[in-house]
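Counting starts at 1 for both ligands and their atoms, following the listed order.
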Amino acid sequence: MSSVPYRGRLAPSPTGYLHVGHARTFWKAQQRAELAGGVLVLRSDDIDAVRAKMSFAEAMIEDLHWLGFRWQEGPDCGGPFGPYEQSRRRAFYEEAFQKLQAAGWVYPCRCTRKDVLRALQAPHATDEGPIYPGTCRPAGTQPISQPVTPPLNATKWNWRFRVPDGEVLEFVDGGFGPQRFVAGQDFGDFVIWRHDDLPSYQLSVVVDDAAMRISEVVRGADLLLSTARQLLLYRALGYPPPAFYHCPLVTDDAGVRLAKRHDSLSLRTLREQGVTPESLHEKFLSDS
Ligand code: GLU
């Protein structure tokens, strides 16, 4: 038995209604927290002020309760590591960013998405977009001594994390077993602070999981590669990394992965159609 108390989390982004795919992954997270006699945290990943909506955040809590989810810390019930909404945690992200900047892990980049695509002769596009070709990367090795830096809120600048090219990142995933990714090949320098003056997903999630003392991150398999990036961030920030448990993604009848646009499989729609929590458990959650 590990001596670290188990702390798990559900971290939905309120950019649409949750669907049965989220529910399935979250159910696994809840089961694992219960099994370990631990705590489950609900965090609203609402950092994207343009896409996140208050109404979706409210619906998320209602729909999760309806389906039988229970958490011990969250936006609705508070807890010792709040606030539990990313939109209220900016100070944490700025502090981490400044730490990375001071240690020379990040550099400013003016490339747009189009620039990145154009710079790649044979675009090596991953599921998440092209691998950054290093156009704005300063010469030399890392950590880099920082050139004159634009202010944090300068417009049109992304700040990228310089990855250690060729380093093999390995971890044993609770769901998928041993994983291996190569920095600079499987993923390139990734955005830490966005040109619209928001922390990136990678930064905010690492900062929050560390600050909230999450001991195991349970989430969808689409984030396996992000885990490799996040391990680099844990190391650069001096945080102990949690364990990871990724879950297979739910697909629709045509084999396409569920997204928030699959309205017919959103918890909200199913609920309005009179589908009961019991039948959803039987159909989607029972073997998770
Ligand atoms: N909030 C993210 C999402 O909804 C997931 C965060 C995570 O599990 O790391 O996709």
Side-chain angles (χ1 to χ4, degrees), residues 7-33 40-53 56-57 59-61 63-64 69 71 73-75 81 83-89 92-93 96 126-129 171 173-176 179 181 187 190-192 194 198-234 237 239 241-250 257-262 265-268 288:
R7 290 178 56 84
R9 47 73 151 181
L10 314 175
S13 302
T15 54
Y17 291 122
L18 297 181
H19 54 62
V20 293
H22 296 111
R24 195 177 155 90
T25 299
F26 291 169
W27 198 251
K28 175 59 90 181
Q30 175 158 304
Q31 281 181 327
R32 289 186 64 78
L40 190 63
V41 174
L42 175 69
R43 185 178 74 225
S44 180
D45 281 2
D46 59 354
I47 196 68
D48 192 330
V50 176
R51 293 175 59 228
K53 300 260 178 309
F56 288 135
M60 176 174 102
I61 289 181
D63 292 347
L64 289 173
F69 283 93
W71 49 90
E73 296 172 28
F81 299 103
Y84 293 92
E85 295 99 339
Q86 289 194 326
S87 55
R88 298 175 58 206
R89 298 180 61 80
F92 291 86
Y93 313 134
T126 64
D127 197 22
E128 313 163 333
F171 61 96
D173 185 68
F176 283 81
Q179 301 294 308
F181 297 100
F187 61 93
F190 54 92
V191 174
I192 287 288
R194 295 168 20 174
L198 286 173
S200 71
Y201 156 71
Q202 307 292 354
L203 181 69
S204 57
V205 89
V206 165
V207 167
D208 288 344
D209 286 336
M212 294 175 183
R213 313 280 196 280
I214 300 303
S215 64
E216 183 179 71
V217 167
V218 178
R219 60 186 176 195
D222 53 329
L223 292 170
L224 269 166
L225 187 56
S226 280
T227 296
R229 296 184 180 96
Q230 290 172 19
L231 286 172
L232 290 174
L233 280 183
Y234 278 100
L237 288 164
Y239 305 152
F244 291 92
Y245 189 110
H246 290 81
C247 302
L249 299 175
V250 178
R257 162 176 138 195
L258 293 194
K260 287 189 176 125
R261 60 184 177 277
H262 280 81
L265 289 172
S266 80
L267 301 183
R268 190 47 59 124
S288 70

List the atom of Ala96, the atom of Leu203, and the distance in Å for their closest heavy-atom pair.
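It is CB-CD1, 4.2 Å.
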
Asp45: which residues meet the side-chain hydrogen bond (donor to acceptor under 3.5 Å, both in side chains) condition with it, sequence neighbours left out?
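Asp45 satisfies side-chain hydrogen bond (donor to acceptor under 3.5 Å, both in side chains) with Arg43, Gln86 only.
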
Quick one: does Arg9 get within less than 4.0 Å of ligand 1, heavy atoms only?
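A heavy atom of Arg9 does come that close to ligand 1.
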
Tell me whether Val218 has any N or O atom under 3.5 angstrom from an N or O of ligand 1.
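It does not: no N or O of Val218 is found under 3.5 Å from an N or O of ligand 1.
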
Could you tell me whether the side chain of Pro241 reaches within less than 4.5 Å of the side chain of Phe171, counting heavy atoms only?
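Heavy-atom side-chain distance check fails, nothing below 4.5 Å.
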
Give the intermediate values and the outcome of side-chain contact (heavy atoms from CB on, under 4.5 Å) for residues Phe56 and Thr15.
CA-CA 6 Å; Phe56 288 135; Thr15 54; 5.5 Å; no

Quick one: which ligand 1 atoms are inside 4.0 Å of a heavy atom on [X]?
{"X": "Arg219", "answer": "7 (C), 8 (O), 9 (O)"}
{"X": "Tyr201", "answer": "6 (C), 7 (C), 9 (O)"}
{"X": "Asp45", "answer": "1 (N), 2 (C), 6 (C)"}

Contact list for residues 7-23, test salt bridge (charged side-chain N to carboxylate O under 4.0 Å, His left out), sequence neighbours left out:
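For residues 7-23, and leaving out neighbouring residues, the salt bridge (charged side-chain N to carboxylate O under 4.0 Å, His left out) pairs sorted by first residue read Arg7-Glu73, Arg9-Asp209.
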
